[in-house]
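Data first, discussion second: the structure below is written as structure tokens.
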There are 2 protein chains.
Amino acid sequence: MNEADVITALSALAQETRLRVLRYLVTKGPAGAAAGEVAGVVEASPSRASFHLSTLADAGLIVAERDARSIIYRVDFERMGALMGYLVHDCCANNATVRSCC
Amino acid sequence: MNEADVITALSALAQETRLRVLRYLVTKGPAGAAAGEVAGVVEASPSRASFHLSTLADAGLIVAERDARSIIYRVDFERMGALMGYLVHDCCANNATVRSCC
DNA sequence: CATTCATTTCAATAATCCTTGAAATGTTAT
DNA sequence: ATAACATTTCAAGGATTATTGAAATGAATG
């Protein structure tokens, strides 16, 4: 994960609707949730939800898979971990205070 | 640290110049660095550096203190840790894969 | 106290991002 | 085939963010 990837991932997370989408998908674990379900939970129109889901997917934080008529999104926890790893190790140089928080 | 604070902090980090500023200030530890020094390192004009330093300071990730003619900025590692804590614990619900990365 | 130095503030422009609603795509069922 | 469903794509507009250079602030020095 290089600097550009990190900035893309942080930009993806730095938005209210998307942060809520991610939090909801985290609760759904590996099973994930369909776009329409996510849209309902975060109270966004289909196109708005799709826009934000695509942004998160482009950042690699979530992954899409078609299942019949629905498209299921689930969190890529490895990627999320890689982002945390960059922030703690590279960006914060393993600072003890930062590390103690996670 | 509430959701709004987290989004402000993530927005602050999600920008190339600011991420570099933060990384540089991390290397300087508690001593910090003057605005002009930071500007030189990240190759930004004084006003541009000031803009980005203010954005990081508004987000609480760095702290400013005047020292004679200079203004010294240093990382608030507690705050940085609080952000990581939110992402790992609240946002990712302590997911093991995510935790293992930091 | 006038000057220089370090930095910020301001206004204008450019660039990027978000929302909206309509149209298009792909899928299942009748 | 046709209709209904789930979702995406697209174009337009509005909102936010970044950059620039000039002017203003605050502090030290001759």
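Just so it is clear, the structure is predicted and the values come from calculations on it, not from any experiment. Convention: sequence-line order gives letters A, B, ...; per-chain numbering from 1.
Using modelled atom types, no side-chain atom of B/S50 and backbone atom of B/P46 make a donor-acceptor pair closer than 3.5 Å.
Between B/L61 and the options B/V21, B/L13, B/V75, a side chain to side chain contact (heavy atoms under 4.5 Å, CB included) holds for only B/L13.
Taking CG of B/L25 as the reference point, atom CG of B/D76 lies at 12.0 Å (rounded to 0.5 Å). Of the inter-residue distances, the one linking A/N95 atom CG with B/M84 atom CE reads 11.0 Å to the nearest 0.5 angstrom. A distance of 4.5 Å separates SG of B/C91 from CE of A/M80, quoted to the nearest 0.5 Å.
B/I72 has its CD1 atom 14 Å from the P atom of D/dA27, to the nearest Å. Spacing between atom CG of B/L13 and atom C1' of D/dT17 amounts to 16 Å, rounded to whole angstrom units. Note: CG (B/L10) to P (D/dT17) measures 14 Å, nearest angstrom. Atom CZ of B/R69 and atom P of C/dT3 are 15 Å apart (whole Å). Between the P atom of C/dC18 and the CG atom of A/L19 lies a distance of 13 Å, rounded to the nearest Å. The CG atom of B/D67 sits 14 Å away from the C1' atom of D/dG26 (whole-angstrom rounding).
Looking at which nucleotide of DNA chain C each of A/S11 and A/R66 is closest to, the 5′-most match is held by A/S11.
Proximity note for A/Q15 (side chain, C-beta onward) versus C/dC18, C/dA6, D/dT8: the nearest is C/dC18. Closest approach to the A/I71 side chain among D/dT7, C/dT8, C/dT27 is made by D/dT7 (side chain taken as heavy atoms from C-beta onward).
Non-hydrogen atoms lying under 4.0 Å from DNA chain D are contributed by A/A34, A/A35, A/G36, A/P46, A/S47, A/S50, all within residues 31-59 of chain A.
B/I72 and B/F51 are not part of a single hydrophobic cluster, where members link through side-chain heavy atoms under 4.5 Å apart.
For the pair B/Y73 and C/dT8, the criterion of a side-chain N or O lying under 4.0 Å from OP1 or OP2 is met.
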